[in-house]
Undergrad: 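First, the structure itself, so that you have it in front of you.
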Amino acid sequence: MDARDFIKVGMIAERTLVVPPERTVGHFVPDMPMVYATPMMILEMEMAASDAIRGYLQPGWITVGTEVDIRHLGASLVGATVRVTGKVVAVERRVIRFEVEAFEGERKIGDGRHARGLVNVETFTKRLAGK
């Protein structure tokens with residue numbers, strides 16, 4: 001399957017969340033501040049990227065994250081509303097590349113690049129079962 005047949009540059013999705021205590025650095029690491037954790041921001045960025053293209057995938061196909069190059073530019077406290085976007089910027093045969101950003105209000109708190117690989121679920125599952 002060739003992603004270029006159905007995924008187009010410019011496809012975009014947005015996700016919004018209110019930062020809960022469970023997504024803070026302090027939740028995972030004792031004595032650290034209760035601010036939005038970088039891995040949690042990256043997770044939300046990956047999910048936004050996936051959302052941008054999920055509806056265009058053929059039955060039996062998914063995408064999996066393969067690359068992240070992210071900057072976390074500013075802290076956000078518990079209760080802050082964070083908006084993340086994932087936008088398709090390049091499409092290869094089996095790889096879709098995204099620009100991702102995160103904002104608290106108008107303040108950019110993160111940005112970077114992310115790539116997702118196109119995977120056939122049945123083939124992927126069989127390969128994993130053989131490990």
Undergrad: Short question: side chain of H27, backbone of M34 - any donor-acceptor pair under 3.5 Å?
TA: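 The answer is no, because no donor-acceptor pair under 3.5 Å joins these two groups.
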
Undergrad: If you count every heavy atom of other residues, nucleotides or ligands that lies below 6.0 Å from E122 atom CD, does the total exceed 12?
TA: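 Not more than 12 within 6.0 Å, no.
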
Undergrad: With a 4.5 Å cut-off on side-chain heavy atoms, are L118 and L57 touching?
TA: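 In contact.
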
Undergrad: Should we count CZ of R71 as having more than 12 external heavy atoms under 6.0 Å?
TA: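 No, because the 6.0 Å sphere around CZ of R71 holds 12 heavy atoms or fewer from other groups.
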
Undergrad: If hydrophobic clusters are built from ILVMFWY residues whose side chains come within less than 4.5 Å, do V119 and V68 share one?
TA: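 V119 does not cluster with V68.
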
Undergrad: Using only atom types and a distance under 3.5 Å, with no angle test, would you say the side chain of S50 pairs donor to acceptor with the backbone of E46?
TA: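 Checking the backbone N and O of E46 against the side chain of S50, no donor-acceptor pair under 3.5 Å is found.
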
Undergrad: Under a 4.5 Å cut-off applied to non-hydrogen side-chain atoms, are F6 and M1 in contact?
TA: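 With C-beta onward as the side chain, the pair touches.
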
Undergrad: Under a 3.5 Å distance rule, please check whether R94 uses its side chain to pair with a backbone N or O of G117 as donor and acceptor.
TA: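 Flag not set: sc R94 to bb G117 has no pair under 3.5 Å.
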
Undergrad: Would you name the heavy atoms of E14 and T16 that are closest together and state the gap between them?
TA: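 So the minimum-distance heavy-atom pair works out to OE2-OG1, 4.2 Å.
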
Undergrad: So E44 and R23, do their side chains get closer than 4.5 Å, heavy atoms only?
TA: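 Yes, close enough: below the 4.5 Å cut-off.
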
Undergrad: State plainly whether one hydrophobic cluster holds both V29 and M40, where clusters connect Ile, Leu, Val, Met, Phe, Trp and Tyr through side-chain heavy atoms under 4.5 angstrom apart.
TA: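 Same cluster: V29 reaches M40 through Ile, Leu, Val, Met, Phe, Trp or Tyr contacts under 4.5 Å.
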
Undergrad: Please lay out, stage by stage, how H114 and M45 fare under the test side-chain contact (heavy atoms from CB on, under 4.5 Å).
TA: CA-CA 8 Å; H114 172 52; M45 289 171 157; over 6 Å; no

Undergrad: Closer than 3.5 angstrom, by distance alone: can the side chain of R116 be matched with the main-chain N or O of T63 as a donor-acceptor pair?
TA: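 Side chain of R116 to backbone of T63: a pair is present.
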
Undergrad: Heavy atoms only: give me the nearest F98-A52 pair and the separation to one decimal.
TA: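 Between these two residues, the closest heavy atoms are CE2-CB, 4.3 Å.
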
Undergrad: Using the rule that two of Ile, Leu, Val, Met, Phe, Trp, Tyr join whenever any of their side-chain heavy atoms come within less than 4.5 Å, decide whether M32 and I42 are in one cluster.
TA: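 M32 and I42: one cluster.
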
Undergrad: Under 6.0 Å from the OH atom of Y56, do we count more than 12 heavy atoms belonging to anything else shown?
TA: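 For Y56, atom OH is not crowded (no more than 12 foreign heavy atoms under 6.0 Å).
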
Undergrad: Under 4.5 Å between side-chain heavy atoms, counting indirect links through other Ile/Leu/Val/Met/Phe/Trp/Tyr residues: same cluster for M41 and F103 or not?
TA: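 As far as the 4.5 Å side-chain criterion goes, F103 and M41 are not connected within one cluster.
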
Undergrad: Can you tell if the side chain of R97 reaches within under 4.5 Å of the side chain of V95, non-hydrogen atoms only?
TA: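 Contact flag for R97/V95 side chains = yes.
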
Undergrad: Please list, one pair per line, the donor and acceptor atoms closer than 3.5 Å that link side chains of residues 72-91 to other protein atoms, with sequence neighbours excluded.
TA:
residue: H72; atom: ND1; partner: T38; partner atom: OG1; Å: 2.6
residue: H72; atom: NE2; partner: G74; partner atom: O; Å: 3.2
residue: S76; atom: OG; partner: E104; partner atom: OE1; Å: 2.7

Undergrad: Are L17 and V35 linked, directly or through other ILVMFWY residues, by side chains that come within less than 4.5 angstrom of each other?
TA: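 Cluster IDs for L17 and V35 match.
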
Undergrad: Does Y36 offer a backbone N or O that forms a donor-acceptor pair with the side chain of T24 under 3.5 Å?
TA: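 No, because the side chain of T24 does not come within donor-acceptor range (under 3.5 Å) of the backbone of Y36.
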
Undergrad: With salt bridge (Lys or Arg N to Asp or Glu O under 4.0 Å) as the criterion, how do R113 and E67 come out once you've worked through the C-alpha distance, each side chain's angles and the decisive distance to 0.1 Å?
TA: CA-CA 8 Å; R113 294 179 306 275; E67 296 176 32; over 6 Å; no

Undergrad: Could you go through the side-chain contact (heavy atoms from CB on, under 4.5 Å) check for I70 and V100 one step at a time?
TA: CA-CA 8 Å; I70 304 297; V100 292; 3.4 Å; yes

Undergrad: Do the side chains of R4 and E92 get close enough for a salt bridge, i.e. N-O under 4.0 angstrom?
TA: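 So R4 does not pair with E92 through a salt bridge.
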
